[in-house]
There are 2 protein chains.
Amino acid sequence: MFAKVLVAEDMEDINKGVYATLRELGITEIDQVQYCDDALLRIKRAAYDGSPFELLITDLSFVADHRTQKLSSGESLVQELKQSYPELKIIVYSIDNRLQKVRSLINESCVNAYVCKGRRGLRDLSDAIFMVYNNKRYVSQEVQNALRSNSTLEVDDYEIELLKHLSKGLSQDEISELFKTNNISPSSLSSIEKRLNKLRIQFNANNAIQLVAMMKDVGLI
Amino acid sequence: MFAKVLVAEDMEDINKGVYATLRELGITEIDQVQYCDDALLRIKRAAYDGSPFELLITDLSFVADHRTQKLSSGESLVQELKQSYPELKIIVYSIDNRLQKVRSLINESCVNAYVCKGRRGLRDLSDAIFMVYNNKRYVSQEVQNALRSNSTLEVDDYEIELLKHLSKGLSQDEISELFKTNNISPSSLSSIEKRLNKLRIQFNANNAIQLVAMMKDVGLI
DNA sequence: GTGCGCTTTACGGAAAACCATAATGAGTGT
DNA sequence: ACACTCATTATGGTTTTCCGTAAAGCGCAC
């Protein structure tokens with residue numbers, strides 16, 4: 001079993017649950033951090049000292065507080081780590097069940113497991129640790145679909161970006177200008193209209209207001 | 001200190017954290033449930049047996065799964081309990097920081113404490129338990145504002161109604177017609193425009209989309 | 001009654017969103 | 001080179017929202 005594990009999770013109670021689970025698995029050397037930057041530092045330091053971590057268990061969302069952070073989310077942490085320390089195993093442990101996000105983490109960032117927090121969270125996590133230790137991949141039942149078919153009912157990052165700007169009060173025209181200056185494509189007003197129209201149809205929304213309201217409900221923005 | 005406590009929380013790892021905290025406070029009789037309905041049943045049963053719970057610590061959101069539930073959220077559980085068992089102390093322990101929701105829980109449902117999950121979650125919870133035990137109220141720093149009467153309080157029922165219809169995709173014209181047939185005054189398109197304009201100024205929103213998004217964030221609609 | 005303050009309603013123009021359709025362009029396969 | 005598909009961009013017209021201003025309605029004091 002793994003000997004040295006790092007847990008990155010901003011909520012201390014979840015940290016406790018994970019900690020207890022790791023102990024039950026017989027893992028003795030467990031470090032915990034509440035900030036992404038700390039996780040990176042700790043891993044760097046351990047590698048430098050010649051006793052690197054073998055496994056990282058990390059959340060995705062870390063709420064911002066007074067401390068200013070370079071890495072603001074688990075995603076950026078994972079990206080950074082998988083580049084610098086490809087041999088480090090990573091398990092993402094998050095409440096986020098948006099398929100698109102999981103897919104990109106698995107396929108692009110190459111995390112070793114994705115476990116959904118929830119009623120079965122810790123049991124799944126336990127399974128995941130076993131699997132990852134045996135060089136297998138693990139994905140919670142809730143988001144298994146993310147690996148299979150590309151269900152079209154998904155919302156990609158571009159669209160989320162678009163909806164976020166909308167919800168912040170920008171007009172479609174202003175968003176178009178913004179995308180042009182930031183070299184985000186497509187950027188024409190026409191394309192933005194078209195994309196929003198697609199989303200409205202997709203989610204049976206009458207107008208942009210309802211669309212944004214629905215996305216808020218789902219927690220997508 | 002409390003002797004008999006029930007914890008309602010669907011995530012088992014958080015349950016572990018809360019459990020550990022309660023143990024540290026010297027509380028020995030701790031029951032845990034993962035469904036709202038179970039919480040209600042357990043409390044009823046304990047009261048019937050003559051050894052009622054003294055404190056309930058509950059989450060707000062319980063994700064639905066295969067088990068069909070009568071009570072779907074912590075809110076409904078709290079409402080039900082505060083009616084039937086007014087002497088039961090209730091602490092809400094949730095990640096939800098929408099002020100309006102907190103306000104209604106504190107003022108209408110009369111919960112004894114509202115603790116935000118987060119980095120300081122368990123420490124705050126510990127404080128809250130002490131305070132509640134001494135018949136004081138406790139509210140996490142993050143949502144202290146919810147108790148002070150401030151801007152969000154100045155939205156009346158008519159405006160909430162209006163915003164809700166907006167968020168459901170009705171046009172201002174349609175809302176006007178709806179209000180006319182339902183004898184809700186004012187109902188003219190002009191008045192609706194004016195009211196929305198007032199709200200936009202009040203909340204510094206650029207347009208109706210942003211306004212609805214902000215109201216969603218605050219939990220007003 | 002008249003005057004005053006406030007709310008509701010009405011109207012018109014500008015801006016933005018909505019909608020259909022057409023043109024352009026990039027990539028693919030033959 | 002050609003046809004074909006698909007995404008992006010462009011264009012014009014209709015509806016809705018946004019915004020200012022003005023008129024009508026109403027309670028109230030004098």
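The figures that follow rest on heavy atoms only: side chains count, while hydrogens, waters and symmetry mates do not. By convention in this document, chain letters (A, B, ...) are assigned in the order of the sequence lines, proteins followed by strands, and residues within each chain are numbered from 1. Because the structure is a prediction, the values reported are computed rather than measured.
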>> Could you tell me if B:Asn135 and B:Lys89 have a donor-acceptor pair between their side chains, going purely by distance under 3.5 Å?
In response: yes

Rounded to the nearest Å, what distance is computed from the [atom1] atom of residue [X] to the [atom2] atom of nucleotide [N]?
X: B:Asp173; N: D:dT15; atom1: CG; atom2: C1'; result: 10 Å
X: B:Ile201; N: D:dC18; atom1: CD1; atom2: P; result: 12 Å
X: A:Lys194; N: C:dC19; atom1: NZ; atom2: C1'; result: 10 Å
X: B:Glu193; N: C:dA16; atom1: CD; atom2: P; result: 16 Å
X: B:Tyr158; N: C:dT8; atom1: OH; atom2: C1'; result: 10 Å
X: B:Leu199; N: D:dC19; atom1: CG; atom2: C1'; result: 16 Å
X: B:Ile192; N: D:dC18; atom1: CD1; atom2: C1'; result: 14 Å
X: A:Leu170; N: C:dA17; atom1: CG; atom2: C1'; result: 15 Å

Phosphate OP1/OP2 of [N]: any [X] side-chain N/O under 4.0 Å:
X: B:Asn197; N: D:dC18; result: no
X: A:Arg200; N: C:dA17; result: no
X: B:Gln172; N: D:dC18; result: yes
X: B:Arg195; N: C:dT7; result: no
X: B:Ser191; N: C:dT8; result: no

> Does any non-hydrogen side-chain atom of A:Tyr114 lie less than 4.5 Å from one of A:Arg137?
Replying inline: no

>> Distance criterion of 3.5 Å, no angle test: do you see the side chain of B:Ser190 paired donor-to-acceptor with the base of C:dA10?
In response: yes

> In terms of the nearest nucleotide of DNA chain C, which residue is placed more toward the 5' end: A:Glu174 or A:Asn206?
Replying inline: A:Glu174

> Taking for each residue the nucleotide of DNA chain C bearing the nearest heavy atom, is the 5' side occupied by B:Asn207 or by B:Lys180?
Replying inline: B:Lys180

> Should the pair A:Tyr133 and A:Phe2 be assigned to parallel (<30°), tilted (30 to 60°) or perpendicular (>60°) ring geometry?
Replying inline: perpendicular

>> Within the 4.0 Å heavy-atom criterion, would you say A:Ser187 contacts the bases, only the backbone, or no part of the nucleic acid?
In response: sugar-phosphate

> Which atoms form the tightest heavy-atom contact between A:Leu166 and A:Leu170, and what is the distance?
Replying inline: CD2-O, 3.6 Å

>> Please pick, from C:dA16, D:dT16, C:dT9, the nucleotide with the shortest atom-to-atom distance to any side-chain atom of A:Ser171.
In response: C:dA16

>> Does this structure show an ion pair linking A:Arg45 with A:Asp31, if we count only N-O contacts that are shorter than 4.0 Å?
In response: no

